[in-house]
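Worksheet for the structure shown next.
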Amino acid sequence: MSRNFLSELNPQQKEAVSSDGPLLIVAGAGSGKTRVITYRFAHLAKKLQPSSIFTVTFTNKAAEEMRERICPLLGRDLRQCWIGTFHSQCLRILRREIQHLGYTNDFSIYDDNDQLSLIRHILKELNIYEALYKGVLQKISFFKSSLIKPEDFLSQSDGFGFEERLAKVYVRYQDELKKSNGLDFDDLILMTIRLFEEHPKVFKKYQQCFEEILVDEFQDTNPAQYRLVKLLAEPHRNICVVGDDDQSIYRFRGADINNILSFEQDFPDAKVIKLEQSYRCTQNILDASGGIISRNQKRREKKLWTDKGSGETVCYFWLSSEEEEARHIAKIIREFYLKNNYGYGDFAVLYRVNTQSRAIEDTLQTEGIPYKVVGGLSFYHRKEIKDLTAYLKLVINKDDNVSLRRIINCPPRGIGASTISKVEQHAKKKGLSLYAASKALLRSNGIVSSMKDKLETFAALIERLSEKSYKDTAELIKAILEETKYAESVDEDRAANIDEFVSAAMGKDVKEFIDRLSLTSTADDSAASGQVSLITLHSAKGLEFPVVFIAGLEEGLLPYLKAKAPEDFSEERRLLYVGMTRAKDLLFLTGAKKRRIFAKIKEQRPSRFLLDLPKEVCTIVDKIPRNLKAAPEASMTAKPLPPAYMVGSRVKHPVWGVGVIRDCYGEGDEAKVTVNFPNIGVKKLSIKFANLEKLI
DNA sequence: GGGTAGGAGGTTTTT
DNA sequence: CCTCCTACCC
């Protein structure tokens, strides 16, 4: 405790650690951000109780790491401290206080999977057949995380009927959550805000409790999360946010980069400190990535530097196919490995989409290079695990309609659509949850006996499971397995997963276990040792490797073909920037002329982003043999044309009149758009034939 | 109420 | 190409 933290820091870091009042720390890639946060925490803890510092991160991993690094600095137990993810902190508050909002504290938490099944149920119920249901969840979640209520966007509706229907689904969705005594991820934040705004007494308690607010990865906060920390910071105004606007890559999930860009508007007296010394990348890598990111318009200007030296130049290899690309990557890895400079664990191959890993995996396998694919479908998202979790949730919260719908006929017990719809109708009529409605139906004899028996058996099963007390969650899961014979209808793999699930549940309290399960997506086992990491650009954020490859630097892949609006391209650019700045020593970029996209082999062009690489620090190597290549120089320099039709722009059709473009896809003669015409509806049109007129 | 064929669509994903 | 959803049939 007597240790002087400040002596181990550079001047900007020092200031960031010890400064008072509203503070924004703009932390460039590899600038020692975590060190600053942990030291700041330790510094604050000299005069404050650690439990009065409200610290939020985005991942469980980051929160754990922070605890681990602060603990030795303070030499005391931090278990009671408020260090955690936005969602876990809110959950902790809501489990204590949610009765003020008319829920009970046994509420269920719904993940995106649960949300999707609920949305689908509602769309079916409202007879909305359009193939837009995937987007519905994303839109509702976006509205919620942006603090937009159904009536808010209804008032600015465009009269196409689209918003009205969406609002209807939104309202219905919230209703159903409430009936189920359930909260989705967005609700965890929103309900905490509501609790504070509607219950001043409770609010005051927490405001007084938290004298300092510390927010990590601030560039990824959504408006709701920002609102929450602003509320908490009101009385003391000691809010410190840390982030890097250039690494904001979660816009598609509602993250709002404006939170970090305009922080001073909310806190005019805020101090802004930039951490610009990188302890990770070589100067060449910083210059190359700087060339890419500096082309973005909306950003905070910064000049990263290092005393590591310039290092090797960044190389771009243009190869004939994705197989060639993979072979080339494998060849370089092998070379550096044999020269004994690096172990396999020092390499990472980054890519935009998961499907790209296939070709690389195949090659590494045949070359005998050990690798591991990071990310992918997590253990807890597997069907059998989710099924069993649904039983657990239902036992704890009988009103949980989503979990009940999931397992009422799983494994099959003869309760089909007609029985369920009978229960749904009764539930709706009486304003009950499905479980309560089932029991009411059984009592009232308002149901034919073939249905009745089966429903009775199910209700009795849930009752039996609830009545007993269990020494830990494993006991309860075992009881479920025994009663339902669930394990008998699954294959070996799934059975093995179930066994693993049971052992993970040993010695754990049921409610705590479910909460943990709900707020954890990845089984944190990503400690890659001696293996090449294959990983998406998104998942690579926060990691670093001595040697990094970024594969598929081609138009359509990076930037991805779905990018249409300028902000989309800015985000793709940031994504590339994040990838490049993962490299400590060496950075290789690759692209392939021919790539399989779904079934077809497509001709690819190099990514437009390559135009922004400073020539002095980059080497561009064309690996395609002379006689085969079709003027790569020309395609390198030719700036790709911006798409002629953009989402949101207005067009005029000779017959249907004026409409708004909802979507565009395809190129050249293949280009198509979907257009929403008032009073006519959504039409799919080919640009080539539709004879559309562009309106400004 | 449960199985199978046909069709559409197919990024990224901290919680 | 391959997966997952839906609709339809038994």
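Bear in mind the structure is a predicted one, so any value in this text is a computation, not a measurement.
- Ion pairing between a basic and an acidic side chain is recognised when a charged N comes within 4.0 Å of a carboxylate O; A:Asp220 and A:Arg253 show no such pairing.
- Among residues two or more places apart in sequence or in another chain, the side-chain contact (heavy atoms from CB on, under 4.5 Å) test is passed with A:Arg95 by A:Leu91, A:Phe107, A:Ile109, A:Asp515.
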Between the protein and nucleotides 2-5 of chain B, list the N/O to N/O atom pairs that are separated by less than 3.5 angstrom.
| from | atom 1 | to | atom 2 | distance (Å) |
| --- | --- | --- | --- | --- |
| B:dG2 | OP2 | A:Asn409 | ND2 | 2.9 |

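- Ionic pairing of A:Glu65 and A:Arg69 is present here: one or more N-O contacts between side-chain nitrogen and carboxylate oxygen are shorter than 4.0 angstrom.
- Counting heavy atoms from C-beta on, the side chains of A:Leu183 and A:Ile98 come closer than 4.5 Å.
- A salt bridge does not link A:Arg251 with A:Asp256: every distance from a Lys NZ or Arg NE/NH1/NH2 to an Asp or Glu carboxylate oxygen is 4.0 Å or more.
- One atom, CG of A:Leu561, and another, P of B:dT12, lie 11 Å apart when rounded to the nearest Å.
- Between A:Ser607 and A:Leu558, the closest heavy-atom pair is OG-O, 2.8 Å.
- We find that A:Arg405 and A:Glu176 are joined by a salt bridge, their nearest charged nitrogen and carboxylate oxygen being less than 4.0 Å apart.
- Within 4.0 Å of A:Thr57, counting heavy atoms only, lies no atom of the nucleic acid at all.
- What separates CD1 of A:Ile597 from P of B:dT11 is a distance of 11 Å, to the nearest Å.
- For the pair A:Tyr250 and A:Ile420, both in contact range of DNA chain B, the more 5′-proximal nearest nucleotide belongs to A:Ile420.
- Rounded to whole Å, the distance from CD on A:Glu65 to C1' on B:dT14 is 14 Å.
- B:dT15 atom P lies 18 Å from atom CG of A:Leu94, rounded to whole Å.
- Rounded to an integer number of Å, the gap from A:Leu123 CG to C:dT6 C1' is 14 Å.
- Here the nucleotide nearest the side chain of A:Ser539, chosen from B:dT15, B:dT14, B:dT13, is B:dT13.
- No engagement by A:Gln225 is indicated, since no non-hydrogen atom pair under 4.0 Å with the nucleic acid exists.
- Taking atom CZ of A:Arg516 as the reference point, atom C1' of B:dT15 lies 14 Å away to the nearest angstrom.
- Judged by ring centres under 5.5 Å apart and planes tilted less than 30 degrees, A:Phe252 stacks against the six-membered base ring of B:dT12.
- For A:Thr536, a side-chain nitrogen or oxygen approaches OP1 or OP2 of B:dT13 to under 4.0 Å.
- The closest donor-acceptor contact from the side chain of A:Thr363 to the backbone of A:Ala359 lies under 3.5 Å.
- Nucleic acid contact class of A:Thr419 (heavy atoms, under 4.0 Å, all strands): sugar-phosphate only.
- At least one cation-pi condition fails for A:Lys139 and A:Phe143: the charged atom is not both under 6.0 angstrom from the six-membered ring centre and inside a 45 degree cone around its axis.
- Nearest nucleotide to the A:Phe185 side chain, out of B:dT15, B:dT13, B:dG10: B:dT15.
- Regarding A:Gln138, its CD atom lies at a distance of 12 Å from the P atom of B:dG10, rounded to whole Å.
- Between the OH atom of A:Tyr380 and the P atom of B:dT13 there is a distance of 19 Å, given to the nearest Å.
- Annotation: of the two residues near DNA chain B, A:Leu537 and A:Met451, the 5′-most nearest-nucleotide partner is A:Met451.
- Of the candidates B:dT14, C:dT6, B:dG1, the closest approach to any side-chain atom of A:Ser418 belongs to B:dG1.
- Between A:Lys602 and A:Glu555 no salt bridge is recorded (no basic side-chain N to carboxylate O distance below 4.0 Å).
- For the segment residues 352-363 of chain A, the set of residues with a heavy atom within less than 4.0 Å of an atom of DNA chain B comprises A:Arg352, A:Val353, A:Asn354, in numerical order.
- Taking a centre distance below 5.5 Å and an interplanar angle below 30 degrees as the stacking criterion, A:Tyr560 stacks against the six-membered base ring of B:dT11.
- For B:dT11, the base is syn relative to its sugar; the glycosidic angle is within 90° of 0.
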